[in-house]
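In the text below, chain A, chain B and the rest are named by the order of the sequence lines, each starting its count at 1. Please read these numbers as outputs of a predicted model, since none were measured by experiment.
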2 protein chains.
Amino acid sequence: MNADALRGHMDALLLSVLEREPLHGYAIIEALRERSGGVLDVPSGTVYPALRRLERAGLLAGEWASDGGRRRRTYRLTDAGREELAGERSAWRSFTTAIGRVLDPLN
Amino acid sequence: MNADALRGHMDALLLSVLEREPLHGYAIIEALRERSGGVLDVPSGTVYPALRRLERAGLLAGEWASDGGRRRRTYRLTDAGREELAGERSAWRSFTTAIGRVLDPLN
DNA sequence: AGTGTATATGTAGGCTGTCTATATATAGAC
DNA sequence: GTCTATATATAGACAGCCTACATATACACT
């Protein structure tokens, strides 16, 4: 998976894995790997700053928790985050349609 | 269309529109707009440097021509460019599959 | 007790491709 | 003579993803 290909789609991915239940960063990385069939292996240096960015934007709400001695920051979708996710899904569809039309060898 | 979303997919788009016939930069921009149903309106400041980059990489071959007093640089796919296009199409399929799985609300 | 691996978060700095804004020049319509 | 379309190109800004590194706990194994 080329790194540049992810540009501009990371937000949608992060919001999407948080749709069903709140998760912390490390669990999000694993969820992305599993749900993509092993294709997406996003480094922590990408995910943690992105989560902070989405929190600053009001799309996620983060909260510190402890499991034994380990600190975790668990993120959940805000209402604004849910709206944003819907918009991202719509944008993804029109994006793939547009690129797909150009790449279609029948053209 | 968000600018970042295109990152990493521009090469595939450019190679793809040149698959059937050689075109010059301006015509490529129009072809992208038409074939995407008006969604892709890529500025010249993106396309011309990208074409040079692909030429340097040996994927395109450019040649100056004149239509009346206007100078045009017409690009055609090289053999390496055709191979690259096949790879880009394959990468596009696995990319959309992976992202689509994560974005799928059924997950 | 010490080593190694998995879990867990985070920062600094680099890279690169896309964008905006600008410049140049010809052709043709009005 | 002016405006728009055609045609190419560069400079510099910007943003986000990356690598590499730093820190710390839990747990298995020796």
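- Toward the 5′ end of DNA chain D lies the nearest nucleotide of A:Val42, the other residue of the pair A:Val42 and A:Asp67 mapping further downstream.
- Each ring-ring contact (aromatic ring centres under 6.0 Å, His included) pair with one or both residues in residues 82-107 of chain A, not counting sequence neighbours, appears once here: A:His9-A:Trp92, A:His9-A:Phe95, A:Trp92-A:Phe95, A:Trp92-B:Phe95, A:Phe95-B:His9, A:Phe95-B:Trp92.
- Protein atom NE2 of B:His24 is 15 Å distant from nucleotide atom C1' of C:dA25, rounded to whole Å.
- The environment of CD in A:Glu63 is sparse: at most 12 heavy-atom neighbours from other residues, nucleotides or ligands sit within 6.0 Å.
- Across the interface with DNA chain C, nearest-nucleotide mapping of B:Gly68 and B:Gly45 shows B:Gly45 to be the residue nearer the 5′ end.
- Two residues are said to be in side-chain contact when any heavy atoms from C-beta on lie closer than 4.5 Å; A:Ser44 and A:Val47 fail this criterion.
- Side chain of A:Tyr26, nearest nucleotide from D:dC17, C:dT7, C:dC19: C:dT7.
- Heavy atoms from other residues, nucleotides or ligands lying under 6.0 Å from CD of A:Glu30 number more than 12.
- Nucleotide D:dT8 holds its C1' atom 15 Å from the CG atom of B:Leu14, rounded to whole Å.
- Look at CH2 on B:Trp64: it is 7 Å from P on D:dT8, rounded to the nearest Å.
- For B:Arg71 against C:dA25, no side-chain N or O and base N or O form a donor-acceptor pair under 3.5 Å.
- A:Asp41 places its CG atom 14 Å from the C1' atom of D:dT19, with the value rounded to the nearest Å.
- Atoms CG (B:Asp4) and P (D:dC17) sit 7 Å apart, rounded to a whole Å.
- Judged by distance alone, with hydrogens and angles left aside, B:Ser44 brings no side-chain donor or acceptor close enough to the base of D:dA7 to form a pair under 3.5 Å.
- Distance, B:Leu51 CG to D:dA9 C1': 12 Å, rounded to whole Å.
- Of all nucleotides present, only D:dA20 satisfies the Watson-Crick or G-U wobble test against C:dT11, with each distance under 3.5 Å.
- The listed nucleotides are D:dG16, C:dG10, D:dT6; the one nearest the side chain of A:Arg7 is D:dG16.
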Derivation and outcome, salt bridge (charged side-chain N to carboxylate O under 4.0 Å, His left out), residues B:Glu55 and B:Arg73: CA-CA 11 Å; B:Glu55 189 181 12; B:Arg73 191 164 180 83; 2.7 Å; yes
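- Protein atom CZ of B:Arg52 is 8 Å distant from nucleotide atom C1' of D:dA9, rounded to whole Å.
- Within the 4.0 angstrom heavy-atom criterion, only backbone atoms of the sugar-phosphate kind lie near A:Gly69; the bases stay farther away.
- Between the OH atom of B:Tyr48 and the P atom of C:dT18 there is a distance of 16 Å, given to the nearest Å.
- A donor-acceptor contact under 3.5 Å is formed by the side chain of B:Arg70 with the base of D:dT6.
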